[in-house]
Amino acid sequence: MSELQPVRGTRDLIGEDHRRHQHIIDTARRVSASYGLEEWATPIFEDTRVFSRSLGESSDVVTKEMYSFQDRGGDSLTLRPEGTAGVCRALVTNGLTQALPQKVFYAGPMFRYERPQKGRYRQFHQIGAELIGTAEPLADAEVIACGWDILKALGIAHDVVLEVNTLGDRDSRTAYRAALIDYFTAHQAGLSEDSLARLERNPLRILDSKDEGDRRINAGAPTIHAHLTEAAAAFYAKLKDYLAGFGVPFVENPSIVRGLDYYGHTAFEFVTSRLGAQGTVMGGGRYDGLVEEMGGPPTPAVGWAAGIERLSMLLADVPAAPRPVAVVPVGEAAEAPALAVLQQLRHAGIRAEMAYRGNLKRRLERANRIGARAAVILGETEIARGVAQVKDFVSGAQQEVPVAELPTRLR
RNA sequence: GCGGGCGUAGCUCAGCUGGUAGAGCGCCAGGUUGUGGUCUUGGAUGCCACGGGUUCGAGUCCCGUCGCUCGCCCCA
């Protein structure tokens, strides 16, 4: 074992790991494009205020989990812990609040200083979608439908359930929060130690406690539905209608919560039971207050993000390793003419490789090892006649093919 | 920050109540100087995570450290 290891919570993506990862991004990119989303790439580090503002009052809790550092000019910078804040900042700094709606897809690394566990890393990767500038519940349903289609295209939809909830508007949330505090205060004696702390700090979080006793108390807790304003209830009802219209199956889960103030109305998660404690593979909701936090005008928005590592663990169909064609010169004199054949194949779009050394036997061995689907064997006799021996590595059959026909025969 | 499990060859792992390091796969070379994959013969590879302790003797027992892993907390 070598002395230098990747730092805790990071890992190398090599071979199959990278193919899985890339397959997810490619698929999400293609599906989101069909919904009219355009891909953005924002910096992976930002002024710390981009994130501290978006975190609002709970910042002291979460700030401890950010990778923040000072640059040489003394500015505090932070490796992005999530993608939405940067997209909203970019929207504002590029003046795109004048060009709404914006439909955005992104993919890339995120960073959180957390204890690693299954499906949880310090450098991880997300894909995300944001629909900015639309207040209608149709937008919420559409962005969810987009996520659902991505999961379907990845072949993992059957392992995943969409759970939706509403957080209501500001008035709904204020009333609900008060009702929850009343309820849990009355049941303090049965709450776990952790949840007693949550009661002080973030009472909504008690609802998704993993503690057995808490869960029993939660079963009798008030739900937000009794506290929704008329407008908020109508919004939620429309969302559900539209989801049905898009053909997206879902269940309602009133315990889905969001900690931050700028979240309202729609909250949803695609969850699986196959990933241990990290069951959420894609989560999102409506965040009408965030663009304003970034210094823009009040702007409605809805979106989601999904962890690529978790999606990767659910992928059943691993993209196959590419199978090249191996060009094999026999003897030194054949090497230069073989290069011309090699380039002919490459320029025709065929993955082709030629070993750097070795006799015929060694080169065929090597070709087999790299998973070649065929070998193009060129000796002096073949070159003189303008042909090649093409050996199919799957069937083992070999036949003579004119050099000019190689690209079409090997396609 | 807290708790459980695990660290032996490139990989997956075996190694008993302490006696001086193993297998499979992979890798390298030969059997074949114009034919891979199959078959066959041979070969290389380890600070047994690190440091200390007990012992005539430690991969094995004890303590500490580090790392990995699963979970708690947190989850933007």
Side-chain angles (χ1 to χ4, degrees), chain A residues 1-11 15 46 50-66 78-88 110-121 124 126 128 192-195 197-198 201-202 204-205 208-211 214 256-263 267 269 275-280 283-285 287 290 293 303-305 307 326 328-331 334 355 358-382 388-398:
Chain A
M1 206 177 296
S2 81
E3 199 179 325
L4 291 174
Q5 298 292 315
V7 313
R8 177 192 286 267
T10 69
R11 60 184 202 136
E46 298 266 3
V50 169
F51 305 112
S52 59
R53 269 192 210 179
S54 73
L55 291 169
E57 57 186 33
S58 67
S59 59
D60 23 305
V61 193
V62 175
T63 296
K64 295 196 175 86
E65 311 220 319
M66 297 202 304
T78 295
L79 299 179
R80 63 184 186 190
E82 52 100 20
T84 306
V87 166
C88 289
M110 309 291 165
F111 305 83
R112 294 182 189 179
Y113 191 86
E114 299 185 292
R115 194 60 172 260
Q117 49 186 286
K118 187 180 182 70
R120 229 180 169 171
Y121 304 90
F124 59 104
Q126 287 187 330
S192 68
E193 207 175 310
D194 284 332
S195 285
R198 292 185 184 117
R201 209 177 54 241
N202 200 349
L204 288 186
R205 281 285 164 207
D208 55 12
S209 169
K210 288 166 184 167
D211 181 84
D214 290 349
I256 293 178
V257 297
R258 290 288 120 94
L260 302 178
D261 286 347
Y262 57 78
Y263 282 111
E269 295 180 355
L275 293 181
Q278 265 62 49
T280 302
Y287 51 95
L290 183 55
E293 291 289 334
W304 52 255
V328 178
V330 183
N359 58 23
L360 176 61
K361 178 182 162 68
R362 281 186 63 75
R363 285 172 189 258
L364 286 174
E365 270 173 9
R366 184 190 138 74
N368 187 62
R369 205 178 329 128
I370 64 173
R373 46 189 249 259
V376 174
I377 301 166
L378 292 157
E380 288 180 62
T381 52
E382 283 85 5
Q389 302 296 330
V390 173
K391 186 177 181 80
D392 185 311
F393 272 26
V394 179
S395 67
Q398 180 169 314

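Residue numbers start from 1 in every chain, and the chains themselves are labelled A, B, ... in the order their sequence lines are given, proteins ahead of strands. Only this structure's heavy atoms are used, side chains among them; waters, hydrogens and symmetry mates stay out.
Among the protein residues, A:Thr280 comes within range of no part of the nucleic acid, since none of its heavy atoms lies under 4.0 Å from any strand. A:Asn359 comes within 4.0 angstrom of nothing in the nucleic acid, heavy atoms only. No contact: A:Phe124 has no heavy atom under 4.0 Å from any strand.
As a whole-Å value, the separation of A:Met110 CE from B:C75 C1' is 15 Å. Computed from coordinates, the A:Leu364 CG to B:U33 P distance equals 14 Å when rounded to whole Å. The distance from atom CG of A:Asp194 to atom C1' of B:C73 is 6 Å, rounded to the nearest whole Å. Rounded to whole Å, atom P of B:C28 lies 8 Å from atom CD of A:Glu365. Rounded to whole Å, atom P of B:U33 lies 17 Å from atom CZ of A:Arg363. Atom pair A:Arg362:CZ and B:U33:P shows a separation of 14 Å (rounding to whole Å applied). Following rounding to the nearest Å, A:Leu275 (CG) and B:C75 (C1') show an atom-to-atom distance of 16 Å. Atom CD of A:Gln389 is separated from atom P of B:G36 by 15 Å (rounded to the nearest Å).
Distance check on atom P: B:G1 versus B:A14 gives 32 Å, rounded to whole Å. With P as the reference atom, B:G42 and B:A58 are 35 Å apart, rounded to whole Å. Using atom C1' as the reference point in both B:C48 and B:G59, the two lie 5 Å apart (nearest Å). B:C70 and B:G31 are spaced 50 Å apart, taking the C1' atom of each and rounding to whole Å. Atom name P, nucleotides B:G5 and B:C61: the rounded distance is 14 Å, in whole Å. If you take atom C1' in B:G4 and the same atom in B:U8, they sit 23 Å apart, rounded to whole Å. Across B:G46 and B:C27, the matching C1' atoms stand 15 Å from one another, rounded to whole Å. The same atom, P, is picked in B:A23 and in B:U69; the two are 30 Å apart, to the nearest Å.
Close to B:C74, at under 4.0 Å from its OP1 or OP2, lies a side-chain N or O of A:Arg201. Contact between the side-chain N/O atoms of A:Asn202 and the OP1/OP2 oxygens of B:C75 is found at a separation under 4.0 Å.
In RNA chain B, stems built from 3 or more consecutive Watson-Crick or G-U wobble pairs, each with both distances under 3.5 Å, span B:1-7 with B:66-72, B:10-13 with B:22-25, B:27-31 with B:39-43, B:49-53 with B:61-65.
Side-chain atoms of A:Phe393 lie closest to B:G36 of the nucleotides B:G36, B:G34, B:C75. Of all nucleotides listed (B:A29, B:C73, B:G34), B:C73 comes nearest to the side chain of A:Arg120. Of the candidates B:G36, B:G34, B:C74, the closest approach to any side-chain atom of A:Lys210 belongs to B:C74.
In this structure, the side chain of A:Arg8 does not engage the main chain of A:Pro116 through any donor-acceptor pair within 3.5 Å. Side chain of A:Arg258 to main chain of A:Gly284: a donor-acceptor pair is present (N/O by atom type, distance under 3.5 Å, no hydrogens or angles). No side-chain donor-acceptor contact under 3.5 Å links A:Arg112 to the backbone of A:Glu65.
In this structure, A:Arg373 and A:Phe393 have side chains that are not in contact, with every pair of non-hydrogen atoms separated by 4.5 Å or more. Side-chain contact check for A:Glu293 versus A:Cys88: every heavy-atom pair is 4.5 Å or farther apart. Considering only heavy atoms from C-beta on, A:Glu382 stays 4.5 Å or farther from A:Val330 through its side chain.
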Using a cutoff of under 3.5 Å, can you pull out all pairs of nitrogen or oxygen atoms linking the protein to nucleotides 66-70 of chain B, with atom names and distances?
from	atom 1	to	atom 2	distance (Å)
B:C68	OP2	A:Arg8	NH2	3.4
B:C70	OP2	A:Lys118	N	3.0

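The structure places CD of A:Gln5 at 10.0 Å from OG1 of A:Thr10, a figure rounded to the nearest 0.5 Å. In this structure, the separation between CZ on A:Phe111 and CZ on A:Arg80 is 7.5 Å, given to the nearest 0.5 Å. Interatomic distance, CD of A:Gln389 versus OG1 of A:Thr381, reported as 7.5 Å (0.5 Å rounding). To the nearest 0.5 Å, the span separating CG on A:Asn202 from OG on A:Ser195 amounts to 11.0 Å.
Contacts between residues 366-376 of chain A and RNA chain B, defined by a heavy-atom separation under 4.0 Å, are made by A:Asn368, A:Arg369.
Residue-to-nucleotide contacts include a donor-acceptor pair under 3.5 Å from the side chain of A:Glu382 to the base of B:G34.
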- Message: Let's go through A:Leu364 and A:Lys361 carefully: what are the C-alpha distance in whole Å and the side-chain angles of both, what is the deciding distance for side chain to side chain contact (heavy atoms under 4.5 Å, CB included) to 0.1 Å, and is it a yes or a no?
- Response: CA-CA 5 Å; A:Leu364 286 174; A:Lys361 178 182 162 68; over 6 Å; no
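The neighbour count for A:Arg362 CZ, taken as heavy atoms of other residues, nucleotides or ligands under 6.0 Å away, does not exceed 12. Residue-environment remark: CD (A:Gln398) exceeds the threshold of 12 foreign heavy atoms within 6.0 Å.
Side chains of A:Asp211 and A:Ser192: a donor-acceptor N/O pair is absent below 3.5 angstrom, by distance only.
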